[in-house]
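Worksheet: the structure to be examined is printed underneath.
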Amino acid sequence: MTLQRRLEGTIRDVPDFPTPGILFKDITPVLADPVLLADVIDAMAAPYAGRGITHVVGVESRGFLFGVPVALALGVPFAPARKPSKLPWRTQREAYALEYRKDVLEMHVDALGTPGQVAARVLVIDDVLATGGTAMATCRLVERLGGEVAAVAVVVELGFLNGRAALAGREVHAVVGF
Ligand SMILES: O=P(O)(O)OC[C@H]1O[C@H](OP(=O)(O)OP(=O)(O)O)[C@H](O)[C@@H]1O
Ligand SMILES: Nc1ncnc2[nH]cnc12
């Protein structure tokens with residue numbers, strides 16, 4: 001069976017979560033299946049081996065679950081993009097809207113290297129690409145820190161929400177689309 005079919009059969013649809021009208025794609029059953037999880041991490045990392053990626057940036061919180069193992073697979077540093085007021089050092093911040101909420105993401109100013117001397121080629125990792133608001137805010141943060149976004153890789157893309165278009169030509173890789 002293809003990885004896409006295995007994911008379709010494992011990701012759980014939860015209607016009206018977290019707000020009425022949202023069909024929530026619950027990835028926790030993927031985390032509960034170590035063989036499937038390992039295959040998902042490989043599918044996210046393998047296309048970027050040999051592509052000169054210097055850092056993986058993962059988005060709090062579900063993006064951490066996939067971002068850290070992808071960084072380990074590629075053998076590069078992991079840098080977190082966090083929800084507001086969580087990071088202890090100096091930060092850059094970016095406000096954004098996602099499918100069901102508004103929020104703010106922050107990164108440490110030196111997450112990709114010494115400010116003014118950054119030469120980072122970044123793979124942005126998250127679990128779900130919906131409207132693209134979160135991924136776009138993360139790309140803007142990376143670029144504001146002086147990094148270049150090589151690609152955004154996600155487990156699930158909700159194509160009808162047009163997140164790819166919101167990312168304005170940036171490379172997007174999704175393991176499965178709905
Ligand atoms: O494409 P978008 O419309 O921006 O939506 C995608 C984002 O929504 C979720 O984050 P959320 O902050 O809700 O959840 P989490 O803290 O559980 O990761 C998901 O993990 C993505 O980061
Ligand atoms: N429909 C959805 N399911 C899971 N995570 C999401 N993040 C944004 N929209 C989502």
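What you see is a predicted model; the values in this text were computed from it and never measured. All values below were derived from every heavy atom in this structure, side-chain atoms included, with hydrogens, water molecules and symmetry-related copies excluded. Start at 1 and go down the list; that is how both ligands and their atoms are numbered.
Distance check, rounded to the nearest 0.5 Å: CG of Leu158 to CZ of Phe178 gives 8.0 Å.
With hydrogens and angles disregarded, no donor-acceptor distance shorter than 3.5 Å links the side chain of His55 to the backbone of Pro77.
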#### Entry: Derivation of the side-chain contact (heavy atoms from CB on, under 4.5 Å) call for Val40 and Leu3
CA-CA 8 Å; Val40 168; Leu3 181 55; 4.2 Å; yes
### Message
Walk me through whether Thr10 and Leu36 qualify under side-chain contact (heavy atoms from CB on, under 4.5 Å).
### Response
CA-CA 9 Å; Thr10 303; Leu36 177 58; 3.6 Å; yes
### Message
Does Arg140 form a side-chain contact (heavy atoms from CB on, under 4.5 Å) with Glu94? I'd like the steps, not just the answer.
### Response
CA-CA 8 Å; Arg140 283 198 297 257; Glu94 190 74 34; 2.6 Å; yes
### Task
Check the pair Met136, Arg170 against side-chain contact (heavy atoms from CB on, under 4.5 Å), reporting the backbone distance first and the verdict last.
CA-CA 9 Å; Met136 187 60 192; Arg170 292 176 179 81; 3.4 Å; yes
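For atom 1 (O) of ligand 1, the nearest non-hydrogen atom from the set Ala137, Ala166, Ala97, Gly132 belongs to Gly132. Across Met136, Glu157, Arg101, Arg62, heavy-atom proximity to atom 14 (O) of ligand 1 is greatest for Arg62. When the options Asp127, Val128, Thr131 are ranked by their closest heavy atom to atom 20 (O) of ligand 1, first place goes to Asp127. When Thr134, Val155, Ile22 are ranked by how near their heavy atoms come to atom 4 (O) of ligand 1, first place goes to Thr134.
Only one option out of Val156, Val155, Val154 pairs with Asp126 in a side-chain contact (heavy atoms from CB on, under 4.5 Å); it is Val154. Applying side-chain hydrogen bond (donor to acceptor under 3.5 Å, both in side chains) to Tyr48 and the options His173, Arg121, Glu171 leaves one that passes, Glu171. Between Leu141 and the options Leu105, Val122, Thr91, a side-chain contact (heavy atoms from CB on, under 4.5 Å) holds for only Leu105.
Using 4.0 Å as the threshold, Lys83 has a heavy atom nearer than that to some atom of ligand 1.
Residue contacts with ligand 1 for Glu60 involve N, CA, C or O but no side-chain atom from C-beta outward (heavy atoms, distance under 4.0 Å). At a heavy-atom distance under 4.0 Å, no atom of Tyr96 approaches ligand 1. Here Asp126 has side-chain heavy atoms under 4.0 Å from ligand 1, and that is the only part of it that gets that close.
Listed by number with element, the atoms of ligand 1 under 4.0 angstrom from any heavy atom of Glu99 are 3 (O). Atoms of ligand 1 lying under 4.0 Å from at least one heavy atom of Ser61, given by number and element, are 15 (P), 16 (O), 17 (O), 18 (O). Distances below 4.0 Å separate heavy atoms of Ala130 from the following atoms of ligand 1: 1 (O), 2 (P), 3 (O), 5 (O).
Geometric assessment of Lys102 against the ring of Tyr96 yields a negative cation-pi assignment under the 6.0 Å and 45° thresholds.
Remark: ligand 1 and Leu98 share no N or O pair separated by less than 3.5 Å (distance only, no angle test).
Comment: Glu157 engages Arg164 in a salt bridge, judged by a side-chain N to carboxylate O separation of less than 4.0 angstrom.
For residues 12-36, the ring pair (Phe, Tyr, Trp, His ring centres under 6.0 Å) pairs, not counting sequence neighbours, are Phe17-Phe24.
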One pair per line, please: each N/O atom of ligand 2 matched with every protein N/O atom under 3.5 Å away, atom names first, then the distance to 0.1 Å.
from     : atom 1 : to     : atom 2 : distance (Å)
ligand 2 : 1 (N)  : Leu23  : O      : 2.9
ligand 2 : 1 (N)  : Glu99  : OE1    : 3.0
ligand 2 : 3 (N)  : Lys25  : N      : 2.8
ligand 2 : 5 (N)  : Arg62  : NH1    : 3.1
ligand 2 : 7 (N)  : Tyr100 : OH     : 3.3
ligand 2 : 9 (N)  : Glu99  : OE1    : 2.5

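Tyr100 OH, 2.6 Å is the protein heavy atom nearest to atom 13 (O) of ligand 1.
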